[in-house]
Amino acid sequence: MSDQADALARGAAAEGGKPLIDSQVEMARCIDSIRHCMDTLRHQTSEPVPMGVNAASRHRLTIVHKEPIGVVVAISAFNHPLNLIAHQAGPAIAAGCPVIIKPAENTPLSCFRLVEIFHQAGLPKAWCQVLVTENHQVAEQLATDSRVAFLSFIGSAKVGWYLRSKLAPGTRCALEHGGVAPVIVDQHADIEAAVPGLAKGSFYHAGQVCVSVQRIFAHQSLARTLAEKLAAAGKRMIVGDPLAADTEVGPLIRPDEVKRVHAWVEEAIAAGAELLSGGHSLDNHCYAPTVLFNPTASAKVSQMEIFGPVVCVYPFSEPDEALQAANSLPFAFQAAVYSQNIDAAMYYAERLDASAVMLNEHTAFRVDWMPFAGLKHSGHGVGGIAHSMRDMQVDKMIVLTSKSIL
């Protein structure tokens, strides 16, 4: 990694609290995402429309090519302050669209530094601008202005769906909200192999990821063992200074979030959940990786996105019992199944309400060229470089008429 890239990763870790080891991975992904925008652009081609197949279409040549849709507004989130900008602004620039970015209020410096590199590379400053607003009203005015052709929004469902309802006629949008990612671990799973990935998916960036592992439905024959191994893995994790090279779990984005997460955990315990690890704050910014065993279905940790380092394990006896619980919420994003039985794995995968199902991999897995889509309350449209570029372009058909064309 170059000195400039390493400096960006360190700046993002200091600003947003993601551990340095993960921020460096994010920086590498950011670079790869920009390269993927370039590759996608290079491989775009015009498409012919068949003509000459009947009398009306004789003597005509027709092609469809892509044109930029217009001005893009990108409202971003704090949890991936570099790669999210690459995913929102990169496709816009590659598609030929000017873009105005409103970064998350907690991580604006990372955005400014990345855009400065775009400008250093030769992009005109007016083509990609960063706007930090004093209040939400200004951000709403920006997003809903009639001159905006596309809104890319990453953030809370409440704000995203509200903004969509206010968009000018014809404005397209992509919304990426949160999820309450379910994982099914059946009796055929290799739990020794599963635990490291589940721990990473649960506690990565202190659980502040829209597809973090949150609800694990484990067969009753192994649920307790899985939960205890996951708790032991959480206890071994180093929590604290995001700039320390060995830190695995950093702080939550604000002290108020630490208080909220703790209140949800205490509520679950009071209603009957068993605390296997964590369950307390380490200071005003960090919360211990927490495993809860069998919270009630009505607890907030079972019903809502925790967005903190908390994972819940629920035992089940029959496959359809696990599926019913996993599909019971109005969120649908990524899900996962752990099983060494291919028939069982496919039974779950085809019945889970999700846009993507990982088999023997945790729910937070993502590579930047794959489609990434929230369904129902979790979002609208499809993310991923190529998918975003297509959404930020319009098809224009040109029909050439000439007697010289057969």
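- Residue pairs meeting the ring pair (Phe, Tyr, Trp, His ring centres under 6.0 Å) criterion with at least one partner in residues 247-298, sequence neighbours excluded, are His262-Tyr287.
- Put simply, the side chain of Ser23 never gets that close to the backbone of Leu20: no donor and acceptor are under 3.5 Å apart.
- The six-membered or imidazole ring of His177 lies near that of Trp161, with a centre-to-centre distance under 6.0 Å.
- Applying the salt bridge (charged side-chain N to carboxylate O under 4.0 Å, His left out) criterion to Glu274, with sequence neighbours excluded, gives Arg224.
- Residues satisfying the salt bridge (charged side-chain N to carboxylate O under 4.0 Å, His left out) criterion with Lys376, sequence neighbours excluded, are Asp353.
- Ser378 meets the side-chain hydrogen bond (donor to acceptor under 3.5 Å, both in side chains) test with no other residue; sequence neighbours excluded.
- Taking each heavy atom of Lys18 and Pro242 in turn, the nearest pair found is O-CB, 3.7 Å.
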Tell me, with the steps shown, if His36 and Asp368 meet side-chain hydrogen bond (donor to acceptor under 3.5 Å, both in side chains).
CA-CA 8 Å; His36 188 53; Asp368 297 294; over 6 Å; no

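- Between Ile101 and Cys111 the shortest heavy-atom distance is CG2-SG, 3.7 Å.
- Tyr348 pairs by the ring-ring contact (aromatic ring centres under 6.0 Å, His included) definition with nothing, not counting sequence neighbours.
- Annotation: ring-ring contact (aromatic ring centres under 6.0 Å, His included) contacts of Phe217 (sequence neighbours excluded): Tyr314.
- Side chain of Glu26 to backbone of Leu82: a donor-acceptor contact under 3.5 angstrom is found.
- Applying the ring-ring contact (aromatic ring centres under 6.0 Å, His included) criterion to His219, with sequence neighbours excluded, gives Phe316.
- In this structure a side-chain-to-backbone donor-acceptor pair under 3.5 Å is present from Ser355 to Phe333.
- By the neighbour-count criterion of 12 heavy atoms within 6.0 Å, atom CG of Asp3 is sparsely surrounded, having that number or fewer from other residues, nucleotides or ligands.
- Side-chain atoms of Gln88 come within 3.5 Å of backbone atoms of Ile75 as a donor-acceptor pair (strictly under, hydrogens ignored).
- In this structure Trp369 satisfies the ring-ring contact (aromatic ring centres under 6.0 Å, His included) test with no other residue, sequence neighbours excluded.
- With sequence neighbours left out, Asp32 forms a salt bridge (charged side-chain N to carboxylate O under 4.0 Å, His left out) with no residue at all.
- Every residue two or more places apart in sequence or in another chain that forms a side chain to side chain contact (heavy atoms under 4.5 Å, CB included) with Val159 is listed here: Phe153, Ser156, Leu163.
- Judged by distance alone, with hydrogens and angles left aside, the side-chain atoms of Ser281 form no donor-acceptor pair with the main-chain N or O of Asn284 at under 3.5 Å.
- Under the rule for a side-chain hydrogen bond (donor to acceptor under 3.5 Å, both in side chains), the partners of Lys396 that lie at least two apart in sequence or sit in another chain are Glu67.
- When the side-chain hydrogen bond (donor to acceptor under 3.5 Å, both in side chains) test is applied to Glu176, no partner is found at least two apart in sequence or on another chain.
- Remark: side-chain polar atoms of Gln340 are not paired, donor with acceptor, to backbone N or O of His188 under 3.5 angstrom.
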